[in-house]
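Report on the structure given below.
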Number of protein chains: 2
Amino acid sequence: MTDKEEKRFREKVKAIQDTMFVIGGKWKLPVVLSIYNGNKRFNDILNSIPKITNRVLSKELKHLEENLLIRREVVDGYSVKIEYTITEYCLSLNDVVKPMEKWGKMHRNKLRGLS
Amino acid sequence: MTDKEEKRFREKVKAIQDTMFVIGGKWKLPVVLSIYNGNKRFNDILNSIPKITNRVLSKELKHLEENLLIRREVVDGYSVKIEYTITEYCLSLNDVVKPMEKWGKMHRNKLRGLS
DNA sequence: CAGCATCCAATCAGATACTG
DNA sequence: CAGTATCTGATTGGATGCTG
């Protein structure tokens with residue numbers, strides 16, 4: 001690698017690692033998708049995702065809120081509610097998530113074909 | 001969510017988690033990119049990625065090989081060499097990685113704009 | 001050179017119970 | 001309902017040294 005290539009390479013890596021930090025891990029995208037699909041309440045989200053625990057969900061929600069992907073709202077009413085919704089900004093993730101979904105399906109078939 | 005929506009949702013989540021399993025984590029994509037950029041030898045790859053350790057690199061290489069993204073070759077010569085190269089199949093990752101790179105850059109600017 | 005083995009510290013994550 | 005607190009076992013990852 002030349003110096004120029006090296007510099008570009010490091011920038012790429014950084015950008016990708018940034019993305020991974022925000023949406024990486026087992027649960028972050030499932031949580032986003034769950035909310036996107038209409039689940040607003042903590043327990044609804046919790047129950048919609050197999051095997052996630054409240055402890056982990058709590059942390060993921062905080063992380064996603066800090067990264068502007070979801071919004072946490074206290075809704076006043078007969079009894080106070082908490083509601084999570086995705087942000088407009090979150091929709092930009094579509095460009096990342098859709099290819100991931102497609103690739104995941106393709107890859108599963110690829111591996112199946114071999115074994 | 002209706003039952004139909006729920007089923008689709010779970011399939012999406014699964015596909016995405018599959019992808020995350022293959023290329024998720026801090027190092028997998030940087031390793032792929034490093035090899036893509038021409039680094040073939042273990043120590044070259046090791047030195048091209050800041051802060052990765054040989055222990056971790058070793059594991060990542062194995063994982064990537066098992067998932068058909070890279071190829072490990074023993075090259076016989078004056079002294080035996082090991083060479084890593086990306087596979088043809090690996091190129092399909094471009095559809096996933098490029099959006100991630102783009103999004104990562106965009107997101108960094110977004111967050112910067114707020115603080 | 002290309003890793004593996006070992007030790008050890010830190011983090012993560014499940015289970016469970018508890019609070020406003 | 002929407003979490004937090006605590007305890008604990010499991011996993012990860014750095015540092016280092018060793019091997020063929």
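Excluded from the calculations below are hydrogen atoms, water molecules and symmetry mates; all remaining heavy atoms, backbone and side chain alike, are included.
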Kindly work out whether a path of hydrophobic side-chain contacts (I/L/V/M/F/W/Y, heavy atoms less than 4.5 Å apart) joins A:Phe42 to A:Tyr78.
no
A:Ile52 has an atom CD1; how far is it from atom P of C:dA13, in whole Å?
10 Å
B:Glu6 bridged to B:Arg10 by N-O distance under 4.0 Å
yes
Distance check: side-chain N/O of A:Arg41 vs OP1/OP2 of D:dC1, anything under 4.0 Å?
no
Expressed in angstrom and rounded to an integer, what is the separation of B:Asn47 atom CG from C:dA2 atom P?
10 Å
Rounded to the nearest angstrom, tell me the gap between atom CG in A:Leu46 and atom C1' in D:dA2.
10 Å
Rounding to a whole Å, what distance do you find between A:Leu57:CG and D:dG3:C1'?
10 Å
Considering only C:dG14, D:dG14, C:dG3, which nucleotide approaches the side chain of B:Val56 most closely?
D:dG14
Nearest listed nucleotide, side chain of B:Arg72, among D:dG3, D:dG14, C:dG3
C:dG3
Does B:Arg55 get its side chain close enough to the base of D:dT16, under 3.5 Å, for a donor-acceptor pair?
no
Looking for any heavy atom pair under 4.0 Å, which part of the strands does A:Lys62 touch: base, sugar-phosphate only, or nothing?
sugar-phosphate
Can you identify which nucleotide, out of C:dA17, C:dG14, C:dC4, has its nearest atom closest to the B:Asn54 side chain?
C:dC4
Which of the following nucleotides, C:dG3, D:dC1, D:dG3, is nearest to the side chain of A:Tyr84?
D:dG3
Do the side-chain N or O atoms of B:Thr53 get closer than 4.0 angstrom to the phosphate oxygens (OP1, OP2) of D:dG14?
yes
Nearest whole Å is fine: how far is C:dA2 C1' from B:Ile82 CD1?
7 Å
Whole-Å distance, B:Glu73 CD to C:dC1 P, equals 20 Å
Examine A:His63 together with A:Phe21 and report whether their ring centres are nearer than 6.0 Å.
yes
Hphob cluster co-occupancy, A:Val74 + A:Leu57, side-chain heavy atoms under 4.5 angstrom:
yes
When you measure from the side chain of A:Ser58, which nucleotide among D:dA2, D:dT4, C:dA13 comes out closest?
D:dT4
Just the rounded figure in Å: distance from C1' of D:dA2 to CG of A:Asn39.
15 Å
Rounded to whole Å, please give me the gap between CH2 in B:Trp27 and P in D:dG13.
9 Å
Can we say B:Glu60 and B:Lys28 salt-bridge, meaning some charged N sits less than 4.0 Å from an Asp/Glu carboxylate O?
yes
